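Not measured: the values here are computed from a predicted model. Along the sequence shown, residues carry numbers from 1.
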Amino acid sequence: MLIHQSRSREFASLLETQQRENPGSVGPRTSVVEFNESTESIIYYFFRREFGTISDVELAGILQPGRNVPLDKVVQSFSNIRYYDARPPMIHLQSQLWTDYFPSLLSGSQYDEKLKANRIEVSVSETAKELQAAYGSGALRRDERSALFPKPSWIAGAFDNLVAHKLAIPPADSSDKYVILYKPFRQDVRERFARMHTGQRDRASVEPQEQLTFLPLLPEPE
C-alpha cells in the first residue's frame, strides 16, 4: 500500500490490530510505504516504509530510513508513459487514438465518399499491444507480477463507444476487428469527445436557425 503520510500511521495501526485479532488476515508480504511532497529548490517526493517487510533487500534498505525522489527526474524517465494499471478516462483514450494511432494507419485505408470518412480496419488486440509498447506497460521494466496496460477490454470499450456515436462499425463476425470511420475534426479533438460524452452537439454542426441568440449587453441607441 502506497499511502500519504497523513494517513499511513493510522492505517498501519489498523493492520496491526487485524493481525492480533485475526491472525492470517494480513498477508506476510503486506507492506505500507508512506509518501509526502517536499518543496525545496525543486519538488521531491519522500518515500519510507511504515509497516511490514519488503522482500527486495536493496529496496528495503532504501525505504527503511526513507528516500527523497526528485519529481523532475521521474518525469524525464517516464515522459512517454501515458497509462498505468487503472482504466483511463474514455476521453483521454479516444483522443489519443484519434490523434496518434488512427492517423498512422491512414495509408492503408479507403476513403468512403458517402460517409466522407476513411475506413480504417483496426484490431482490439493489436491496438492494445501497440499502446502497451509505446505508452504503457511495455515501455517499463517488468517482472512476473507486472500487469499489462492499457488492457484490451479498455480498447474494446473505447471502440464500442465510437460505434455508439457512429464513428466506427462493429465486427461483422466473432473477430475483434472494427472499422473506424476516421475524419479530421474541425475543433479540438478532446473538446469534440468531451461534447460527445456529455451529449452536447458540436458547434460546427448546429444549423443557423438553431444558433443561440443573446440579448444585447448594452441597449441600442435611440
Ile180 side chain near Leu162 side chain, heavy-atom distance below 4.5 Å: yes
Using a side-chain heavy atom cutoff under 4.5 Å and only I, L, V, M, F, W and Y, what cluster partners does Val26 have? Met1, Ile3, Phe11, Leu14, Leu15, Val32, Phe51
Compare every heavy atom of Ala147 with every heavy atom of Ser137, then report the nearest pair and how far apart it is. CB-O, 3.4 Å
Flag side-chain contact, heavy atom, 4.5 Å: Asn118 against Leu105: no
Can you list every pair that meets ring pair (Phe, Tyr, Trp, His ring centres under 6.0 Å) and has a residue in residues 101-130, with sequence neighbours left out? Trp98-Phe102
side-chain contact (heavy atoms from CB on, under 4.5 Å) with Asp56: which residues, sequence neighbours excluded? Ile54, Glu58, Leu59
Tell me, please, which residues at least two apart from Arg9 pass salt bridge (charged side-chain N to carboxylate O under 4.0 Å, His left out). Glu50
For a 4.5 angstrom cut-off between non-hydrogen side-chain atoms, does Ile155 reach Val122? no
Any side-chain heavy-atom pair of Ile42 and Leu71 under 4.5 Å: no
Are Phe159 and Leu97 close enough that some pair of their side-chain heavy atoms sits under 4.5 Å apart? yes
Give me each pair satisfying salt bridge (Lys or Arg N to Asp or Glu O under 4.0 Å) with a member in residues 94-110, each pair once, sequence neighbours excluded. Arg82-Asp100
Scan for salt bridge (Lys or Arg N to Asp or Glu O under 4.0 Å) pairs involving residues 66-75, sequence neighbours excluded, and state none if there are none. none
Quick one: salt bridge (charged side-chain N to carboxylate O under 4.0 Å, His left out) partners of Lys116, sequence neighbours excluded? Glu113
Looking at residues at least two apart in the chain, or sitting in another chain, which of them share a salt bridge (charged side-chain N to carboxylate O under 4.0 Å, His left out) with Glu130? none
Residues 169-183 vs side-chain hydrogen bond (donor to acceptor under 3.5 Å, both in side chains), sequence neighbours excluded, gives Ser123-Asp176, Ser125-Asp176, Asp160-Tyr178, Asp173-Ser175
Arg87 versus Leu93: any side-chain heavy-atom pair under 4.5 Å? no
Rounded to the nearest 0.5 Å, what's the gap from CG on Leu167 to CZ on Phe193? Could you check? 6.5 Å
Does Phe46 sit in a hydrophobic cluster with other residues, and if so which ones, taking ILVMFWY side chains as linked at heavy-atom separations under 4.5 Å, directly or through other members? none
I want to check something: taking the side chain as every heavy atom from C-beta on, are Phe35 and Gln5 in contact at a cut-off of under 4.5 Å? no
Going by the salt bridge (Lys or Arg N to Asp or Glu O under 4.0 Å) test, which pairs reach into residues 14-29, not counting sequence neighbours? none
Which residues pass the salt bridge (charged side-chain N to carboxylate O under 4.0 Å, His left out) test with Arg48, not counting sequence neighbours? Glu34
